[in-house]
Protein chains: 2
Amino acid sequence: MKNRNQQIRNQQARTRRSERRTDALSKERIVEAAIDILDADGENALTFRALAARLSTGSGAIYWHVADKNELLTAATDAIIGRVVTDVAADAGPDQAIRAFALGLFDAIDAHPWVGTHLFREPWQAAMLEIFEAIGGRLQALGVPEEALFNAGSALVNYILGVAGQNAANARLLPQGTDRSAALGAVAASWTELDPARYPFVHHLATKLSDHDDREQFLAGIDLILAGIGTIGRTDRGS
Amino acid sequence: MKNRNQQIRNQQARTRRSERRTDALSKERIVEAAIDILDADGENALTFRALAARLSTGSGAIYWHVADKNELLTAATDAIIGRVVTDVAADAGPDQAIRAFALGLFDAIDAHPWVGTHLFREPWQAAMLEIFEAIGGRLQALGVPEEALFNAGSALVNYILGVAGQNAANARLLPQGTDRSAALGAVAASWTELDPARYPFVHHLATKLSDHDDREQFLAGIDLILAGIGTIGRTDRGS
DNA sequence: ACCTGAACACCGTTCAAGT
DNA sequence: ACCTGAACACCGTTCAAGT
């Protein structure tokens, strides 16, 4: 792709130049500004016009550094996920490391819900590979048998992605500083109005919804899957 | 031209106006046409202009029956999920029923990938409640203890949603009748170019990617989570 | 009650023109 | 090399006007 050549050229030019000019446009500054907008005002607020205004330039200038909106979101996502990967690098046993990494991912996506959306936009992007590597490597260390590795890693990653996507949806529904418990209460109330004969389980959920903790529940799901993975090798290792 | 005759016939039909006329606009017909467009040409092809053209009307006419695009997609999603729920109604043991329902969901979303996208757009929509009820009810029947029900159901649903979202992303990437195995091969090849010291697990995946089956892997994940859920009650029931 | 289609506000993206 | 900003092609949605 010619865009890659352009990027390389840009980088060479940038290092050649003296990089003390703080107000010079660069991919990093653009991505940084994009993250700020996404965090402050949500996914819909990120437009090239808003971005150009914030950077005091024209929208065309942004296209010199970034191919399109997708590349912009990919770079922003990579930045967030990258931090998680490096932050949780060193840790104790592999199962604890998986839990810690998953929690780090949860917290990052909770703080930047738009990441949850973008992880679904482009499959097999760099961020996804980082996630797979972080989890899969630790499953190997955990002693998961060769043939089960792909399925086990895929189960964990897909579960994490599902939660991430739901978090993003909730953030879109309850923007800024909406009263979360009031909103949850309203949802639960609407569930109790459904036919109890057809929706008994949803009625049960309605009673639990208000005092459940998303983060705790996320971790419980991770533990459930890890427990399931633990049953794979049981015949091998006995007990 | 036969167009003139058609126009006259339409006008007569309109003045006659018995409401079982097939060409009368209705929410059902609109949703049906929307599903056709989504299935045939993908998520981006569904615009009010395209929909109006296919229904031989103005875009404003659609707004008389449907509030906005979100309601349209929600109705389309409900239609697809509703079929799955009723199709898998009767079945054997609760764990087999969960597997059957999950597989039905997988197949439906595989056939209509845009459903996977929309399930993330609006949280707690009707389709989501159907899914929760179908799975949660069977977890109850399975004997999962009261306190673990919410977490267990949430783990299964989030996993299913994660897979659904990935499927939708893949469908977006490989539209129509792209050569799937060639595309997978290209992805795997790109992975082998990564630094093996930093990405050992991704390298391992690259060797497995070509001959893995999405549906099988999906079911393996369901079984993993069910196995994990099975470990919850172990102390209660002994063995 | 229901339909028509032009118009509005807003996007992502391009590009001739500037420095 | 890099930036400017008008212009283009397209959206979802609205609305005065028709039947």
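Note that the structure is a prediction, hence the values are computed from the model and not measured.
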### Query
Got a sec, which residues hit salt bridge (charged side-chain N to carboxylate O under 4.0 Å, His left out) with Lys27(B), two or more places apart in sequence or on another chain?
Glu71(B)

### Task
Classify the ring geometry between Phe48(A) and Tyr63(A) as parallel (under 30°), tilted (30 to 60°) or perpendicular (over 60°).
parallel

### Message
Under the rule for side-chain hydrogen bond (donor to acceptor under 3.5 Å, both in side chains), what residues qualify as partners of Asp78(A), not counting sequence neighbours?
### Response
none

### Query
Which whole-number value in Å describes the distance from Ile62(A) CD1 to dA6(D) P?
15 Å

### Query
Under 4.0 Å between a side-chain N or O of His65(B) and OP1 or OP2 of dC3(C)?
yes

Can you name the atoms? Protein N/O to nucleotides 12-18 of chain C N/O, anything below 3.5 Å, with the distance.
| from | atom 1 | to | atom 2 | distance (Å) |
| --- | --- | --- | --- | --- |
| dG12(C) | OP1 | Lys69(A) | NZ | 2.6 |
| dG12(C) | OP2 | Phe48(A) | N | 3.1 |
| dG12(C) | N7 | Arg49(A) | NH2 | 2.6 |
| dG12(C) | O6 | Arg49(A) | NH2 | 2.7 |
| dT13(C) | OP2 | Tyr63(A) | OH | 3.0 |
| dT13(C) | OP2 | Lys69(A) | N | 2.9 |
| dT13(C) | O5' | Tyr63(A) | OH | 3.2 |

### Query
Under 4.0 Å: is that the gap between some side-chain N or O of Trp64(B) and OP1 or OP2 of dC3(C)?
no

### Query
Could Arg215(A) and Asp107(A) be called an ion pair, given the rule that one side-chain N must be under 4.0 Å from one carboxylate O?
yes

### Query
Hey, what's the ring geometry for His212(A) with Phe150(B), parallel, tilted or perpendicular (30° and 60° as the breaks)?
tilted

### Task
Only counting residues at least two apart or in another chain, list the ones meeting side-chain contact (heavy atoms from CB on, under 4.5 Å) with Glu28(B).
Ser26(B)

### Task
Go ahead and write out DNA chain C as dot-bracket, 5' to 3': ( ) for pairs within the strand, [ ] for ones crossing earlier pairs, | when the partner sits on another strand, dots for unpaired; Watson-Crick or G-U wobble, both distances under 3.5 Å.
||.|||||...|||||.||

### Task
Can you tell me which residue pairs pass the side chain to side chain donor-acceptor pair (under 3.5 Å) test with a partner in residues 122-132 of chain A, sequence neighbours excluded?
Asn70(A)-Glu122(A), Thr74(A)-Glu122(A), Glu130(A)-Arg198(B), Glu130(A)-Tyr199(B)

### Task
Check whether any side-chain N or O of Arg29(B) sits under 3.5 Å from a backbone N or O of Ala24(B) as a donor-acceptor pair, and report yes or no.
yes

